[in-house]
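Please read the structure below before turning to the comments.
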Amino acid sequence: QQQWTDLAEILQRQIQQAETDERIIGLRFRLGQLYQEQINDLDKAVESYREVLADRPDHSPSITSLELLVDDGHKQGVIAEILEPLYRLSEDWSKLARILQVQLSTIDAGEDMLPTIQRIAEIYEQRLSDHQQAFIWWGQAYAKDPMSELSWENLERLAEMIAGWEDLVGVYESMLEGASGEDAIQMHKLIARVHDEELNDKGSAEQSYLRVLEGDGNDATALAALDRIYAAGGMFPELAAILSRRIEGTDDAEERIALQLRLGETYDVALDSPEQALRAYTDALEIDSRNATALGALERIYFAQQDFQNLYEVYEKMIDIAHGDGAMGDCYARMAKISSEALDDAPRAQELWARVLDLRGEDPVALWELANLYEAAGEWRELVDVLQRQVSVASD
């Protein structure tokens with residue numbers, strides 16, 4: 001007669017009088033069906049199914065009925081609480097992941113969703129071996145908390161497993177929309193690293209590193225990466241600019257010298273700008289006046305420019321780092337030639353050739369140059385002395 005309410009009362013009285021568990025479970029399930037399909041009292045229907053499953057966790061008709069309600073969007077939060085422990089007990093990981101997602105949709109915006117998202121990600125990876133879905137859910141976890149190292153590490157690890165670097169860039173870029181300050185800088189650094197090291201897209205990496213520098217002009221990671229990119233790509237004007245910024249941003253003396261030397265070499269060899277190269281090498285010498293690399297570069301540049309006064313001063317400094325009498329003698333010999341031929345300072349040239357002889361002994365070249373200087377100056381007694389010394393070392 002379709003007297004559904006009266007029928008529900010009768011079923012309840014029958015449950016109270018039932019003598020076996022099987023009878024009770026059957027009646028409760030029938031009552032749940034009645035509430036669900038005929039009376040449309042979903043709260044009582046769900047409660048009936050809950051009571052069934054409390055006594056019989058594997059009662060599949062009740063589970064199926066609850067699943068259908070969830071699929072139709074009814075009582076999802078309450079049903080998820082009922083089904084979650086059952087799925088975990090039965091190790092039905094696929095359904096557990098799905099019901100956790102249902103739970104997630106019922107969580108208020110102010111509540112912490114991160115633990116649930118992380119559990120879903122772990123189930124997909126560890127239980128279902130679905131690394132693609134695990135990656136997606138770790139991406140959602142990272143979006144909820146960009147400061148979470150756990151989420152970031154799992155994202156990067158899974159991106160490598162599934163070759164999902166482009167997708168990872170997409171995750172990071174999606175987070176840029178609402179990011180600012182340090183968060184935006186960090187996102188640009190992560191995007192740049194993936195483009196640079198994983199996708200080998202140096203152009204995109206360059207743009208991202210430049211965005212980092214827009215937020216923090218002294219970011220050491222971005223500066224070092226751009227240094228490497230520009231050097232490898234032969235982008236020498238850009239490299240010189242980045243080296244200058246790196247020099248300004250470091251207080252370490254050794255690192256500063258190394259950067260000054262590289263800047264000097266870039267201007268000298270790659271950009272053919274000797275004046276700027278001279279400034280870089282000179283700056284290096286202000287930190288370390290005995291730096292052999294800088295002195296050698298200055299010697300070459302000044303010689304090419306025929307700047308003999310500065311070249312002479314470079315040799316003066318090179319004496320301090322010369323190894324052995326032979327090297328010191330070479331420096332004095334060059335200084336003597338410059339003094340006599342370029343600076344028109346014969347007395348100083350005589351003095352310097354004398355030092356060469358002190359270091360090298362009766363060196364034929366030094367004796368010859370010294371004899372010419374004495375002859376030009378009309379210093380005859382000194383010339384006689386030098387000629388006698390030349391005779392003594394003559395080979396034939």
Side-chain angles (χ1 to χ4, degrees), residues 142 146-147 149 152-153 155-156 159-160 163-288 291 293-294 297:
Y142 189 65
M147 301 306 293
E149 289 190 10
W152 173 75
E153 289 172 355
L155 257 182
E156 294 264 336
E160 182 172 7
W165 298 114
E166 291 283 1
D167 294 332
L168 182 59
V169 169
V171 172
Y172 292 150
E173 287 179 341
S174 68
M175 297 178 64
L176 273 174
E177 297 177 4
S180 61
E182 287 295 325
D183 290 341
I185 291 173
Q186 181 64 21
M187 287 298 101
H188 282 302
K189 288 173 75 171
L190 290 172
I191 292 169
R193 189 204 71 79
V194 174
H195 279 305
D196 185 12
E197 299 178 13
E198 308 299 345
L199 296 174
N200 198 31
D201 183 351
K202 303 303 181 184
S204 297
E206 176 197 3
Q207 294 306 311
S208 294
Y209 282 128
L210 289 174
R211 294 293 297 274
V212 173
L213 293 180
E214 289 176 8
D216 180 3
N218 294 321
D219 188 273
T221 300
L223 289 170
L226 287 170
D227 180 344
R228 173 172 43 77
I229 291 171
Y230 291 148
M235 304 167 69
F236 298 113
E238 293 84 356
L239 175 61
I242 286 297
L243 288 172
S244 297
R245 294 178 69 167
R246 292 191 69 189
I247 290 167
E248 293 173 3
T250 182
D251 295 324
D252 183 85
E254 290 188 7
E255 182 180 3
R256 197 178 183 91
I257 290 171
L259 292 170
Q260 291 283 12
L261 294 176
R262 288 186 58 215
L263 180 60
E265 182 181 10
T266 300
Y267 278 127
D268 184 18
V269 178
L271 298 177
D272 192 23
S273 181
E275 294 304 321
Q276 290 175 296
L278 287 172
R279 282 196 292 272
Y281 289 130
T282 302
D283 288 343
L285 288 175
E286 288 181 2
I287 303 172
D288 178 12
N291 188 277
T293 302

Which heavy atom in [X] sits nearest to a heavy atom in [Y], and how many Å separate them?
| X | Y | result |
| --- | --- | --- |
| Phe236 | Thr266 | O-CG2, 3.9 Å |
| Val171 | Ser174 | O-OG, 2.6 Å |
| Gly264 | Tyr281 | C-OH, 3.3 Å |

Note, [X] side chain near [Y] side chain (heavy atom, < 4.5 Å):
| X | Y | answer |
| --- | --- | --- |
| Leu176 | Ile191 | yes |
| Pro146 | Met175 | yes |
| Ile257 | Gln260 | no |
| Met235 | Glu206 | yes |

Without swapping roles, check the side chain of [X] against the backbone of [Y] for a donor-acceptor pair under 3.5 Å.
| X | Y | answer |
| --- | --- | --- |
| Thr250 | Arg246 | no |
| Tyr230 | Pro237 | no |
| Ser208 | Ala205 | no |

Test: Glu214 and Arg211 ion pair at under 4.0 Å: yes

Side chains of Tyr267 and Glu275, donor plus acceptor under 3.5 Å: no

Pairs meeting criterion salt bridge (charged side-chain N to carboxylate O under 4.0 Å, His left out) with involvement of residues 234-244, two or more places apart: none

Salt bridge (charged side-chain N to carboxylate O under 4.0 Å, His left out) partners of residues 168-189, not counting sequence neighbours, each pair once: Lys189-Asp219

Would you compute the distance between atom [atom1] of [X] and atom [atom2] of [Y] and round it to the nearest 0.5 angstrom?
| X | Y | atom1 | atom2 | result |
| --- | --- | --- | --- | --- |
| Leu223 | Arg228 | CG | CZ | 12.5 Å |
| Leu168 | Trp152 | CG | CH2 | 10.0 Å |
| Asp283 | Leu278 | CG | CG | 10.5 Å |
| Glu254 | Leu259 | CD | CG | 12.0 Å |
| Thr221 | Asp216 | OG1 | CG | 9.5 Å |
| Leu239 | Leu263 | CG | CG | 8.0 Å |

Verdict with reasoning, Val169 to Leu199, per side chain to side chain contact (heavy atoms under 4.5 Å, CB included): CA-CA 10 Å; Val169 169; Leu199 296 174; 4.2 Å; yes

Steps toward side chain to side chain contact (heavy atoms under 4.5 Å, CB included) verdict (Asp227, Arg262): CA-CA 11 Å; Asp227 180 344; Arg262 288 186 58 215; 2.6 Å; yes

Check against side chain to side chain contact (heavy atoms under 4.5 Å, CB included), Leu226 and Leu213: CA-CA 10 Å; Leu226 287 170; Leu213 293 180; 3.5 Å; yes

Worked verdict on Trp165 versus Glu160 for side chain to side chain contact (heavy atoms under 4.5 Å, CB included): CA-CA 7 Å; Trp165 298 114; Glu160 182 172 7; 3.6 Å; yes

Residues in ring-ring contact (aromatic ring centres under 6.0 Å, His included) contact with Tyr172, at least two apart in sequence or another chain: Tyr142

